[in-house]
Amino acid sequence: MTIAERVKETRQKIYNAAVAAGRNPDEVSLVAVSKTRPAADIIECQAAGQYIFGENYVQEFAVKAAQIECPLEWHFIGHLQSNKVKNIAGLVTLIHSVDRLSLAEEINRQWGKLGSNCNILLQVNVSGEKTKSGTTVDDSIRLVRDISQLPHIRVKGLMTMPPFFEDPEEARPFFAELKMLSEQIKEEKLDNVEMQEISMGMSGDFEVAIQEGATLVRIGTAIFGSR
Ligand SMILES: *Cc1c(COP(=O)(O)O)cnc(C)c1O
């Protein structure tokens, strides 16, 4: 199958999963994860109607962004070092992976220089696995309160990456917990914090994530093939 065929099939599966879960399919957006893929693959995918692309590595992203002229939207989804923020400032419409105050402060500073605001998600390590980035569930409320004070940041929601399981059902409790945390943070009614997005679900488990309330699914392998 071509990339165009796979992205169409993936979009259909997302639509079906949303409808089956009793949700409005318009509430679930596909982020095509294009890390390690050449610009040509992204252009092919965009020609098939896909507009949001997720990248993980600053250097690789910068090179590809410079090669691509067709209109699209970039999300940054990978671990982000503060000293690299300046290289993506103004180029991405959403950063999914904010997990510490120092990073948020640097994002605030760089977008402030541009005279604009950056949309971010808080990455939460729901499972507590040591190898995963993300703030802990316990620290997340304090972190979001601190970030809400930064004038050039808009917190749009939460993101998580559960441990890898062969059976996607095993990821369900982690997705459900992120959704609950999102409701809890919403009740705080903080300035600059909206909590309308929940980024969860990848190639192997996006259907379960949609059942549990995902609004952004991040899918690489199912579209571009294995890396
Ligand atoms: C690579 C990656 C994905 C996509 O994973 P697939 O299993 O290829 O769909 C999603 N989210 C993040 C943060 C990633 O790094």
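Because only heavy atoms are used, hydrogens play no part in the values below, and waters and symmetry mates are left out as well, while side chains stay in. This chain uses plain numbering: 1 for the first residue, then up along the sequence. Order of listing sets the numbers, starting from 1, for every ligand and every atom in it.
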Item to check | Ionic contact status for Lys179 with Glu212, cut-off 4.0 Å | outcome: no
Can you produce the list of protein nitrogen or oxygen atoms under 3.5 Å from a nitrogen or oxygen of ligand 1, alongside each distance?
from, atom 1, to, atom 2, distance (Å)
ligand 1, 8 (O), Thr221, N, 2.8
ligand 1, 8 (O), Thr221, OG1, 2.5
ligand 1, 8 (O), Arg227, NH1, 2.9
ligand 1, 8 (O), Arg227, NH2, 3.2
ligand 1, 9 (O), Ser203, N, 3.0
ligand 1, 9 (O), Ser203, OG, 2.5
ligand 1, 9 (O), Gly220, N, 2.8
ligand 1, 11 (N), Arg218, NE, 2.8
ligand 1, 15 (O), Lys35, NZ, 2.7
ligand 1, 15 (O), Asn56, ND2, 2.7

Next on the checklist: Under the rule for side-chain contact (heavy atoms from CB on, under 4.5 Å), what residues qualify as partners of Asn24, not counting sequence neighbours?
Outcome noted: Asp26, Glu27
Checklist entry - Side chains of Ile141 and Ile185: closer than 4.5 Å at any heavy-atom pair? => result yes
Checklist entry - Can you list every side chain to side chain donor-acceptor pair (under 3.5 Å) pair that touches residues 38-52, not counting sequence neighbours? => result Arg11-Gln50
Checklist entry - Quick one: ring pair (Phe, Tyr, Trp, His ring centres under 6.0 Å) partners of Phe61, sequence neighbours excluded? => result Trp74
Item to check | Check ion pair Lys35-Glu60 (N to O, under 4.0 angstrom) | outcome: no
